[in-house]
Amino acid sequence: MLSLHLGAHKTASTHLQQSLRQVREELGQGGLCYAGPKTLRAMTLAEALEKGGASRPARECRQAMSELAANHARLLLSEENILGGTRRYNMIAENGVLYPHAGRRVRQVIQMAGRGNATLFLSLRDPAAYNQSAFALQVSLGNEIELDPWLHGRDPTRVRWSGLVKRLAAIDSVDLIVIWRYEDYRELRPRVLELMLGEELAALIPELPPSNVSLTQAGYDWFRRRAMADSEEDLRVLVRRAQRRFSRDAGHAPLQLFDDEVRARSALMYAREVSLVRATEKVQFLDP
């Protein structure tokens with residue numbers, strides 16, 4: 001039995017992954033092999049997906065998965081980069097397609113896992129918030145400074161979740177796609193874990209504090225001024241300094257890069273996308 005937790009990026013994936021990792025041995029004793037980002041990246045999964053199923057990295061990754069999951073009835077893989085990355089054109093292509101290579105990449109992971117058909121787990125997020133958070137991630141990695149170049153002319157209210165889900169549902173080796181809204185994650189987390197692990201193993205998963213600390217508005221403004229004034233500055237070091245100096249704990253307001261009009265349009269677009277996703281074949285949509 002194979003399950004793939006695909007994220008998406010910036011939908012509390014890290015929080016879920018760290019919770020699972022805390023009890024990886026106990027999950028294994030219960031018959032479930034869990035492999036998260038650290039394990040899968042050590043297998044050079046990214047290189048295997050880049051070079052294709054007939055490549056040497058793909059063969060090595062297939063062998064590593066087989067050895068890892070030996071003697072386990074169930075295999076759970078969790079890695080949001082299976083869908084693609086969050087760089088400018090990796091997450092949303094110039095033609096507006098979300099994770100443009102996701103179908104091929106998911107299909108290849110299922111083949112490499114060698115466990116037959118898969119159940120997918122995917123979380124959606126409001127478009128403007130999703131774009132803002134993905135941009136902030138690229139800032140923290142030292143890849144971006146300003147929002148507009150990263151958006152490269154895209155409307156931040158248009159994230160075509162329904163198109164992504166439709167492409168995933170078209171994969172013959174996908175039996176079911178379990179989907180929930182990021183905004184409902186905290187309330188739905190126990191149910192997501194039960195569907196992912198079964199009731200008995202889900203009870204083992206600890207509740208951890210939030211995993212990723214984002215930039216505040218004051219922190220980003222300070223970072224941007226410094227980065228634009230000195231091209232020799234190490235952007236990753238600047239971000240860490242901004243996070244320490246302008247933290248939420250110190251009372252600074254959260255990052256907000258879009259105005260009220262954009263956020264309102266984003267909410268409308270999100271509701272439409274969610275309606276389309278609900279109606280997609282193979283989808284089990286979770287509500288609180």
Side-chain angles (χ1 to χ4, degrees), residues 6-15 80-81 83-103 120-141 143-169 177-188 210 212 214-221 223-224 248 253-280 283 285-288:
L6 302 174
H9 292 93
K10 313 312 298 178
T11 60
S13 300
T14 301
H15 182 265
E80 53 268 47
N81 286 336
L83 291 173
T86 57
R87 284 180 176 265
R88 292 187 189 182
Y89 299 106
N90 289 347
M91 190 176 87
I92 301 180
E94 289 184 271
N95 62 2
V97 176
L98 177 62
Y99 296 118
H101 306 296
L120 310 183
F121 292 83
L122 178 70
S123 181
L124 318 180
R125 188 171 181 178
D126 173 90
Y130 176 66
N131 272 297
Q132 176 177 285
S133 191
F135 166 72
L137 172 61
Q138 286 302 309
V139 170
S140 72
L141 295 173
N143 296 326
E144 299 287 349
I145 298 174
E146 296 186 293
L147 178 63
D148 286 347
W150 182 80
L151 285 172
H152 55 86
R154 290 190 291 105
D155 180 350
T157 71
R158 293 184 63 84
V159 173
R160 298 172 184 169
W161 293 113
S162 60
L164 171 64
V165 173
K166 187 175 181 179
R167 283 181 281 128
L168 295 176
I177 311 175
V178 178
I179 297 180
W180 63 97
R181 288 170 294 225
Y182 161 79
E183 295 80 7
D184 298 327
Y185 169 71
R186 185 162 297 280
E187 191 169 353
L188 288 175
N212 293 323
S214 183
L215 280 166
T216 61
Q217 187 64 50
Y220 173 68
D221 291 341
F223 160 81
R224 182 176 174 276
R248 290 290 301 276
L255 184 66
Q256 189 54 262
L257 300 180
F258 300 114
D259 60 26
D260 291 346
E261 186 273 332
V262 169
R263 293 198 299 272
R265 282 196 296 115
S266 182
L268 289 174
M269 294 297 293
Y270 189 30
R272 293 173 189 170
E273 284 294 309
V274 166
S275 295
L276 292 171
V277 168
R278 287 181 185 276
T280 303
V283 165
F285 201 99
L286 305 183
D287 289 299

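Residues L164 and L122 meet the side-chain proximity criterion, which asks for heavy atoms closer than 4.5 Å. The shortest side-chain heavy-atom distance between V277 and F285 falls under the 4.5 Å cut-off. At a threshold of 4.5 Å between non-hydrogen side-chain atoms, the residues M269 and D126 do not count as touching. Looking only at side-chain heavy atoms (C-beta outward), E273 and L124 stay at 4.5 Å or farther from each other. Counting heavy atoms from C-beta on, the side chains of S266 and F258 never come closer than 4.5 Å. A heavy-atom distance below 4.5 Å is found between the side chains of W150 and M91. H9 is listed as a side-chain neighbour of N81, based on a closest heavy-atom distance under 4.5 Å. For the pair L98 and W161, the minimum side-chain heavy-atom distance is below 4.5 Å.
With rounding to the nearest 0.5 angstrom, the CD atom of Q217 is 9.5 Å from the CG atom of L215. In this structure, CG in L83 is found 4.5 Å from CG in L6, a value given to the nearest 0.5 Å. A distance of 9.5 Å separates CD in E144 from CG in L151, rounded to the nearest 0.5 Å. Within the model, atoms OG of S13 and CZ of F121 stand 13.0 Å from one another, a figure rounded to the nearest 0.5 Å.
The one candidate from E183, R265, R125 that meets the side chain to side chain donor-acceptor pair (under 3.5 Å) condition with Y270 is E183. With V283 as the fixed residue, the side chain to side chain contact (heavy atoms under 4.5 Å, CB included) test singles out one of L168, V178, V165: V165.
Using modelled atom types, one finds no donor on one side chain facing an acceptor on the other under 3.5 Å when comparing R88 with Q138.
Side chain of R87 to main chain of N143: no donor-acceptor pair is present (N/O by atom type, distance under 3.5 Å, no hydrogens or angles). Here the side chain of T216 pairs no donor or acceptor atom with the backbone of R248 at under 3.5 angstrom. Side-chain atoms of E80 do not come within 3.5 Å of backbone N or O of A8 as any donor-acceptor pair.
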Applying side chain to side chain contact (heavy atoms under 4.5 Å, CB included), run through N131 and I92 and close with a yes or a no.
CA-CA 10 Å; N131 272 297; I92 301 180; 4.3 Å; yes

Tell me, with the steps shown, if V97 and R167 meet side chain to side chain contact (heavy atoms under 4.5 Å, CB included).
CA-CA 11 Å; V97 176; R167 283 181 281 128; 3.5 Å; yes

Are Q256 and R263 close enough, and set up right, to give a side chain to side chain contact (heavy atoms under 4.5 Å, CB included), and what steps lead you there?
CA-CA 10 Å; Q256 189 54 262; R263 293 198 299 272; 3.1 Å; yes

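F135 and Y220 have perpendicular rings, their planes meeting at more than 60° on a 0 to 90° scale where under 30° would count as parallel.
Surrounding CZ of R278 are more than 12 heavy atoms belonging to other residues, nucleotides or ligands, all under 6.0 Å away.
Of all non-hydrogen atoms in L286 and L188, the two that sit nearest each other are O-CD1, 3.6 Å.
Ion pairing between D221 and R224 fails under the 4.0 Å rule for side-chain N and carboxylate O.
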